[in-house]
There are 2 protein chains.
Amino acid sequence: MPGLDGTGPPWWGGKFRGCGYRITVPRQAILSVLSKTEDHLSAEDIYLKVHKIYPGVGLTTVYRTLDILVNMALVFKFDFGDKRARYELREGPKGERHHHHLICTGCNRVIDYTDFVDEEKDLLDKAEKGLSKKYNFKISGHSIQFYGLCEKCK
Amino acid sequence: MPGLDGTGPPWWGGKFRGCGYRITVPRQAILSVLSKTEDHLSAEDIYLKVHKIYPGVGLTTVYRTLDILVNMALVFKFDFGDKRARYELREGPKGERHHHHLICTGCNRVIDYTDFVDEEKDLLDKAEKGLSKKYNFKISGHSIQFYGLCEKCK
DNA sequence: TTTCTTATTGAAAATCATTTTCATTAACAG
DNA sequence: CTGTTAATGAAAATGATTTTCAATAAGAAA
Ligand SMILES: [Mn+2]
Ligand SMILES: [Mn+2]
Ligand SMILES: [Zn+2]
Ligand SMILES: [Zn+2]
């Protein structure tokens, strides 16, 4: 099983090369950080983590790499209401991790949840079909979130 | 029917006073602009429209007023991916206008839709109940949007 | 209406996440 | 190994939003 033991080429190598991008140390480090966390990291969060191992990598490169990863659909970019953008790996080599978000408007904490995604799927598929026909829209994704107060904040 | 013919006190006057806020010319102008459009205006958009009638009103005041209106839950604040925040009146005096958004990732056009909101309601209610129990979260709202390419961009 | 209190305001400066510029470096095809 | 050029880091620029502060006006009281 290549790419899962840390020795082989990383699972995203193929897609990466396919887009004509070079596989550089900063890019590897950034993807490594993203694949090792469940958190919703800001560009600076990622920069600080990468910086511990590769002090030479600059914040600019983190921003540039994240841009590429978002455009390649390897990474999601979110706005949870604090000013900074937040990033999250779309999926690992193992497969999907589809989930939605519960956002605390008090402390900005974000909870991933997977409950109801199956029930949602039905509705979303139907809506997607109906909407893309009615509005002549090519739908490529969706996002659902609930806002409220977490147990600490309420 | 007071407040609907433009002569009586505006429908939001009560709620406004109730919060201890003064009813000022800039605030009236901003609410007037918001209630006359279906668009998703940025702070600057609103500033420019207000400016035509009241050249004295400054952009700072627009930001401050929008902040208040969002906190009073009279206005929604959105991030549609272009950098600026976008604002939309939550509801008029007549009642609700609950809808969701179709966002074009090509040109940033936003389409309001009300299709499927009834079907969605069921699911959302159920999810809301389940999630608030499971995560001990006090849910106060939700947001759903679809991303894709509009007919021009695809 | 006039007066008084103080919330509100506009202009200018400050903030701060993100982007751009540009000279240097390193991926990688040949 | 060498050459081409994409990628990089540091510093400067950008641009939306926020803060500061002295002047103004909304609304309560007289
Ligand atoms: Mn998540
Ligand atoms: Mn809308
Ligand atoms: Zn919280
Ligand atoms: Zn479009």
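Since the structure is predicted, the reported quantities are computational estimates derived from the model, not experimental observations. Below, chains carry the letters A, B, ... as their sequence lines are ordered, and counting in each starts from 1.
The distance from atom OH of A:Y54 to atom C1' of D:dT8 is 16 Å, rounded to the nearest whole Å. Atom-to-atom, OH of A:Y47 to C1' of D:dA10 comes out at 11 Å; the value is rounded to the nearest Å. Atom CG in A:L66 sits about 12 Å away from atom P in D:dT8, given to the nearest Å. Computed from coordinates, the A:D79 CG to C:dA17 P distance equals 14 Å when rounded to whole Å. One atom, OH of B:Y21, and another, P of C:dT9, lie 11 Å apart when rounded to the nearest Å. For B:L59 and C:dA12, the CG to C1' distance is 13 Å, given to the nearest whole Å. Counting to the nearest Å, the C1' atom of C:dA7 and the CZ atom of B:R17 are 14 Å from each other. Across the protein-nucleic acid pair, A:F78 atom CZ and C:dA17 atom P stand 20 Å apart, rounded to whole Å.
Set against D:dG27, C:dT9, C:dC28, the side chain of A:I23 has C:dC28 as its closest nucleotide. Side-chain proximity of B:R22 to C:dA7, D:dA7, C:dT9: nearest is C:dA7. Comparing C:dT18, D:dA6, C:dA12 by their nearest atom to the side chain of B:T60 picks out C:dA12.
Of the possible donor and acceptor atoms, one in the side chain of B:S35 sits under 3.5 Å from a partner among the backbone N and O of B:S32. Between the side chain of A:D45 and the backbone N or O of A:S42 there is at least one donor-acceptor pair closer than 3.5 Å.
Mapped onto DNA chain D by nearest heavy atom, B:S42 and B:P26 fall at different nucleotides, with B:S42 at the one closer to the 5' end. Sequence order on DNA chain D of the closest nucleotides to B:R86 and A:V57 puts A:V57 first from the 5' end. Each of A:K83 and B:T24 was matched to the nucleotide of DNA chain C holding its nearest heavy atom; the match closer to the 5' end belongs to B:T24.
Side-chain N/O atoms of B:Y63 include one lying less than 4.0 angstrom from OP1 or OP2 on D:dT17. Look at B:R84 and you'll find a side-chain N or O under 4.0 angstrom from OP1 or OP2 of D:dA16.
Using a 4.5 Å cut-off on side-chain heavy atoms (C-beta onward), A:Y54 and A:P26 make no contact.
For the side chain to side chain contact (heavy atoms under 4.5 Å, CB included) with A:V57, the qualifying choice from A:T24, A:I46, A:T65, A:V50 is A:V50, the only one to do so.
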Would A:D125 and A:K129 count as a salt bridge (Lys or Arg N to Asp or Glu O under 4.0 Å) here? Give the steps.
CA-CA 6 Å; A:D125 285 348; A:K129 231 164 249 162; over 6 Å; no

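Among the protein residues, B:R64 comes within range of the nucleic acid bases, having at least one heavy atom under 4.0 Å from a base atom.
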